[in-house]
2 protein chains.
Amino acid sequence: MARTKSTTVKDVAAAANVSRATAARALNGYGYVGSEAAERVLEAAARLGYRGNRVAQALRQGGLPIIGFVPGDIQNPFFARVAHDIDVAARGSKHNLLIASSEEDLEQERALLDNLRALNVRGMIVAPASANDNLHLARLVREGTPIVLIDRVLDDLPCDSVAVDNEGGAREAVEHLIANGHRRIALIHDDARIVTARDRQAGYVKALQAHGLPVDQRLIAVSSSTVQHAIDATIRLFSQPERPTALFTVDSVMTTGALLALRSIGLTIPRDVSLIGFDDFDLATFTDPQITVVAQPVGKIGPVAVKMLLERIRGLSEPPRHVRFQTRLICRGSVSRIFRPA
Amino acid sequence: MARTKSTTVKDVAAAANVSRATAARALNGYGYVGSEAAERVLEAAARLGYRGNRVAQALRQGGLPIIGFVPGDIQNPFFARVAHDIDVAARGSKHNLLIASSEEDLEQERALLDNLRALNVRGMIVAPASANDNLHLARLVREGTPIVLIDRVLDDLPCDSVAVDNEGGAREAVEHLIANGHRRIALIHDDARIVTARDRQAGYVKALQAHGLPVDQRLIAVSSSTVQHAIDATIRLFSQPERPTALFTVDSVMTTGALLALRSIGLTIPRDVSLIGFDDFDLATFTDPQITVVAQPVGKIGPVAVKMLLERIRGLSEPPRHVRFQTRLICRGSVSRIFRPA
DNA sequence: CCTGATTCTGATACCGATCTCACAGATCCA
DNA sequence: TGGATCTGTGAGATCGGTATCAGAATCAGG
């Protein structure tokens, strides 16, 4: 197919009748170059459409101007939003963004990080798929690769992180339900492997305990984070003899599933069941009534992560910094007050 | 920060007491290598944690094992889904995916493509932001860079493409409205710059003309593809004295906006207004009634695009191939029948 | 025992850009 | 006028890996 090989400094130099060294100097504006020679080089470069070869530059100078982003799932609106923000922020500093989704699979994550490492990217922003077995991450950190963790923080990993107060947010939500008289509050959460889900579950448990309520395992369902699994889990929870009066879901995908499931088994929100979901999402304002949610400042996560990463790339060597954003409970119409006689 | 420089073939060769050449042969399994020497090399490589440097490989062999993807907006669920599919397909052939969103901005798209070119990526999958001024794309094609266009096809660009029958799908939707007795059918579409929107508009116009209905400019609103703009456009359309009885929106973001706007001005679907949107989306089944949409086979686009791209990368030199998927009208509850006395 | 093929290995060129170094010519000050 | 400094330039090393080539060692067959 005779892919035309691109023009190199050599070509430009030849066209301008100078050496490669001089051409490079003219193109990059360093060292001494005669104004006349420089002009000829620039003209030749423009004429030949010289672009430079990042790969060669990267080899010489170490590292491609690329930031790697490893989200759990790019289709999840949360990560899509963050990816977008990272992209914008990275572009501001002349970096390209390489997105490689781990699909919440530890093996895949390992392979991807290996790949990024081999590509000599400048730094990585990662949402680790697992709370355990993170030797691969530990090694990267040890080797000095700039890494920023987002959304999911691993306490024993000495690197920067940006996340929200998952436990506090969950606790606030559950306490809101308790304050409205609910006692049988169900939880649907992800495999505890993911840090976020674990913390949110912890918030749920703490809220119950703080109010002297028992933690009933029958009210807790585990589901992987897909709409279908969430539907199944919801149906399981609500086909028990003593039905929960409220439900707390730990992410927007699960909330979506719960919504669908409750509708299909004929339970009305908030008359039959009250619902609070973690993470705000479009759908939440489209339903009738609208759904009460724990909102995270999604838009801040990406920019802050990039900022921290760039500082590391530039050589900052402070001890790990951890940014923790507060969540906000947005009360809409999906929680009802239960009258509870003393 | 003393970023530990990674181990090179040189290190491995030294550790195994062989030359770089032999080490490379052992590691890549080509040429003749003594079994004993090979073993020593492999052992040394494992011990030192040798990973290889893609950048150096790329320089020698031409091109990074990367596929570039330039969507209009990664937050748009359509592109997020396609990105995911591309990622999976690319991984199957040992390619990484580099996503760089153009944000529907032509200048940005140009810059991004330049970047990708400089990175020597193997090929690109692009959803062009504009129907015109595509000299930058034309040049890439001319230079032999493998490119596959998705979603939006530029007829005068000699390269592969994957898209859906936008005109036909739109036409089917509008004819469905006509068949249900609607005559004043409004359209909200994007800036005609984007090919997709233009084709869908063309379908709208053809449907009307085929049934002898006038194309009334007052029924056509232009909006950029954001929820807020779509809301404004909808309100504008429906505050006219002679209100439309039906609305066709050309993408899911606009449909979302229309939904919100209609609710806010107190119009009920489908009693007051019938609605059909192009592109199926989650929300469409969450509303009451559910929304009738023109569905595209989203899941097929990514895999087919990658398949075509890989063939080009491997050197296929057939003339440009164009895959065009059919759309499917999914009738739900957002279209009402208007009784129209003869 | 010698020729020719086969196996193994190291030296070396190369990809493209950058950077150091040395050197030539111009300029400058004493 | 001569040494020192400043300009401008090209030769060549370098980044890390891969491919070519030639030479050494082993082995087969006549």
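All chains are named by letter (A, B, ...) in the order of the sequence lines, taking the proteins before the strands, and each is independently numbered beginning at 1.
The side chain of B:Thr8 contributes no N or O atom lying less than 4.0 Å from OP1 or OP2 of D:dG16. The phosphate of D:dG17 has OP1 or OP2 within less than 4.0 Å of a side-chain N or O from B:Tyr50. Note on A:Tyr32: a side-chain N or O is less than 4.0 Å away from OP1 or OP2 of D:dT7. The phosphate of C:dT18 (OP1 or OP2) has a side-chain N or O of A:Gln57 nearer than 4.0 angstrom. The side chain of B:Asn53 contributes no N or O atom lying less than 4.0 Å from OP1 or OP2 of D:dC15. Contact check, B:Thr22 against C:dG10: a side-chain N or O comes under 4.0 Å of OP1 or OP2.
Across all strands, B:Val33 comes closer than 4.0 Å only to sugar-phosphate atoms, never to a base (heavy-atom distances). Contact annotation for B:Val18: backbone-only contact, meaning every heavy-atom pair under 4.0 Å involves sugar-phosphate atoms and none involves a base. Across all strands, B:Gly52 comes closer than 4.0 Å only to sugar-phosphate atoms, never to a base (heavy-atom distances). A:Ala58 comes within 4.0 angstrom of nothing in the nucleic acid, heavy atoms only.
Rounded to whole angstrom, the span from the NZ atom of B:Lys10 across to the C1' atom of D:dT18 amounts to 15 Å. Between B:Arg25 atom CZ and C:dT12 atom C1' the separation is 12 Å, expressed in whole Å. Rounded to whole Å, atom P of D:dT9 lies 13 Å from atom OH of A:Tyr30. C:dG16 atom P lies 16 Å from atom CG of B:Leu119, rounded to whole Å. When the C1' atom of C:dA17 is taken as reference, atom CZ of A:Arg51 falls 17 Å away, rounded to whole Å. Protein atom CG of A:Asn28 is 13 Å distant from nucleotide atom P of C:dT20, rounded to whole Å. Between A:Leu48 atom CG and C:dG16 atom P there is a gap of 15 Å when expressed in whole angstrom units. Protein atom CG of A:Leu27 is 9 Å distant from nucleotide atom P of C:dA17, rounded to whole Å.
Under 3.5 Å, the side chain of A:Arg54 and the base of C:dG16 form no donor-acceptor pair of N or O atoms. A donor N or O paired with an acceptor N or O is found under 3.5 Å between the base of C:dT18 and the side-chain atoms of A:Arg20. Remark: the B:Arg60 side chain and the D:dG16 base include no donor-acceptor N/O pair separated by less than 3.5 Å.
Each of B:Gly34 and B:Ala56 was matched to the nucleotide of DNA chain C holding its nearest heavy atom; the match closer to the 5' end belongs to B:Gly34.
Looking at B:Asn120, its side chain never comes within 3.5 Å of a backbone N or O of B:Leu64 through a donor-acceptor pair. In terms of modelled atom types and a separation under 3.5 Å, the side chain of A:Glu109 and the main chain of A:Ala129 share a donor-acceptor contact.
Listed candidates were D:dT18, C:dG10, C:dT18. Nearest to the side chain of A:Ala24 is C:dT18. The listed nucleotides are D:dG16, D:dA19, C:dT18; the one nearest the side chain of B:Leu59 is D:dG16. Of the candidates D:dA19, D:dG10, C:dA17, D:dG10 carries the atom nearest the A:Ala21 side chain, counting heavy atoms from C-beta on. In the set D:dT18, D:dG17, C:dC19, C:dC19 carries the atom at the smallest distance from any side-chain atom of A:Gln61.
Minimum interatomic distance between A:Val121 and A:Ile66 (heavy atoms only, all atoms of both residues): CB-O, 3.4 Å. Between B:Leu309 and B:Met124, the shortest heavy-atom distance links the atoms CD1-O, 3.8 Å. Here the closest heavy-atom approach between residue A:Arg47 and residue A:Ala15 is recorded as NH2-CB, 4.2 Å.
Checked by atom type, the side-chain pair A:Arg91/A:Asn96 shows no donor-acceptor distance below 3.5 Å.
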